[in-house]
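Written out below as structure tokens is the structure these notes cover.
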Amino acid sequence: MAKIIGNREEADAIFAMLVEWATAIGEKNAAGVLSHVTDDIVEFTLAPPLQYKGKDQAGLQGWFDTWQGPIAGDVEDQKLTIGGDIAFWSGLTHMLGTKTDGNKVDLWFRQTLGLLKEAGVWKIAHDHTSVPFAMDGSGLAELGLKP
């Protein structure tokens with residue numbers, strides 16, 4: 001269950017949008033994913049470069065094309081804070097699937113979303129995903145962590 005701070009009706013609208021967004025990701029539907037983000041979205045994703053700005057349907061579809069079948073997922077430790085037309089969601093996201101090269105993906109990562117209500121519709125304006133890295137000087141990502 002998610003922890004919610006703020007207006008419950010707005011929370012219901014946000015969660016409905018997030019379910020649609022996640023479903024589009026799972027179905028590898030780039031247009032569907034991008035219909036839930038602002039035109040000037042800023043993303044700090046797991047993949048390089050350090051940041052993306054704006055919608056990139058071709059790039060997103062290119063990433064989707066590296067997966068066999070659907071991309072599964074789940075979230076834990078969700079928190080949603082709403083204030084007027086701005087909201088922040090955070091949680092631990094689990095991504096599962098098989099890449100076209102046969103590699104199995106079973107990855108937990110941290111995710112924070114900044115949301116804006118535009119013309120009465122909630123959209124994702126900022127997406128930050130990350131994994132911790134080893135603090136032993138190796139700089140290696142800690143990909144095996146689970147909540």
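The residues of the chain are indexed from 1 along the displayed sequence. We use all heavy atoms of the structure for the numbers below, so side chains are in, but hydrogens, waters and symmetry mates are not.
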* Would Glu76 and Thr93 satisfy side-chain contact (heavy atoms from CB on, under 4.5 Å), going step by step from the backbone distance to the final call? -> CA-CA 7 Å; Glu76 288 194 14; Thr93 301; over 6 Å; no
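- Put simply, CH2 on Trp67 and OG1 on Thr98 are 8.0 Å apart, with the number rounded to the nearest 0.5 Å.
- Within 6.0 Å of NZ in Lys104 there are 12 or fewer heavy atoms belonging to other residues, nucleotides or ligands.
- Listed by first and then second residue, the side-chain hydrogen bond (donor to acceptor under 3.5 Å, both in side chains) pairs that reach into residues 125-136 are Arg110-Ser130, Gln111-Asp127, Asp136-Ser138, sequence neighbours excluded.
- Between Leu18 and Ile124, the closest side-chain pair of non-hydrogen atoms falls below 4.5 Å.
- Enclosure of atom CD1 in Ile86 is not indicated, since only 12 or fewer non-hydrogen atoms of other residues, nucleotides or ligands lie within 6.0 angstrom.
- Taking hydrophobic clusters as Ile, Leu, Val, Met, Phe, Trp and Tyr residues chained together by side-chain heavy-atom distances below 4.5 Å, Val105 shares a cluster with Leu46.
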* Which is it for Leu115 and Lys123 under the side-chain contact (heavy atoms from CB on, under 4.5 Å) test, yes or no, and what are the steps along the way? -> CA-CA 6 Å; Leu115 304 118; Lys123 294 202 172 204; over 6 Å; no
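- The two residues Leu92 and Pro147 make their nearest non-hydrogen contact at CD1-CB, 3.7 Å.
- Residue pairs meeting the ring pair (Phe, Tyr, Trp, His ring centres under 6.0 Å) criterion with at least one member in residues 76-112, sequence neighbours excluded, are His94-Trp108.
- Residues Ala24 and Gly32 share a closest heavy-atom pair of CB-C, 3.7 Å.
- By the neighbour-count criterion of 12 heavy atoms within 6.0 Å, atom CZ of Phe133 is sparsely surrounded, having that number or fewer from other residues, nucleotides or ligands.
- The CG atom of Asn103 lies 10.0 Å from the CD atom of Gln68; values are rounded to the nearest 0.5 Å.
- For the residue pair Gly84 and Trp122, the shortest heavy atom distance occurs at O-CH2, 3.6 Å.
- When all heavy atoms of Ala134 and Glu142 are compared, the pair lying nearest together is CB-OE2, 3.2 Å.
- We find the CE-CG distance between Met135 and Leu140 to be 12.5 Å, quoted to the nearest 0.5 Å.
- Here the CD1-CD1 distance, from Ile14 to Ile82, works out to 4.0 Å after rounding to the nearest 0.5 Å.
- Judged as a side-chain contact (heavy atoms from CB on, under 4.5 Å), and not counting sequence neighbours, the contacts of Ala141 are Val131, Leu143.
- Sorted by first and then second residue, the pairs that involve residues 49-64 and meet side-chain hydrogen bond (donor to acceptor under 3.5 Å, both in side chains), not counting sequence neighbours, are Asp39-Lys55, Gln61-Asp65.
- A 4.5 Å side-chain heavy-atom check between Leu60 and Leu34 finds at least one atom pair inside the cut-off.
- For Ile25, the side-chain contact (heavy atoms from CB on, under 4.5 Å) criterion is met by Trp21, Val33, Phe64, not counting sequence neighbours.
- If you take CG on Leu80 and CD on Gln78, they are separated by 8.5 Å, rounding to the nearest 0.5 Å.
- Enclosure of atom NZ in Lys79 is not indicated, since only 12 or fewer non-hydrogen atoms of other residues, nucleotides or ligands lie within 6.0 angstrom.
- Residues that satisfy the salt bridge (charged side-chain N to carboxylate O under 4.0 Å, His left out) test with Lys117, not counting sequence neighbours, are Glu10.
- Using a 4.5 Å cut-off on side-chain heavy atoms (C-beta onward), Leu113 and Ser90 make no contact.
- Hydrophobic clustering (ILVMFWY, side-chain heavy atoms < 4.5 Å, transitive): Leu116 and Ile4 are in distinct clusters.
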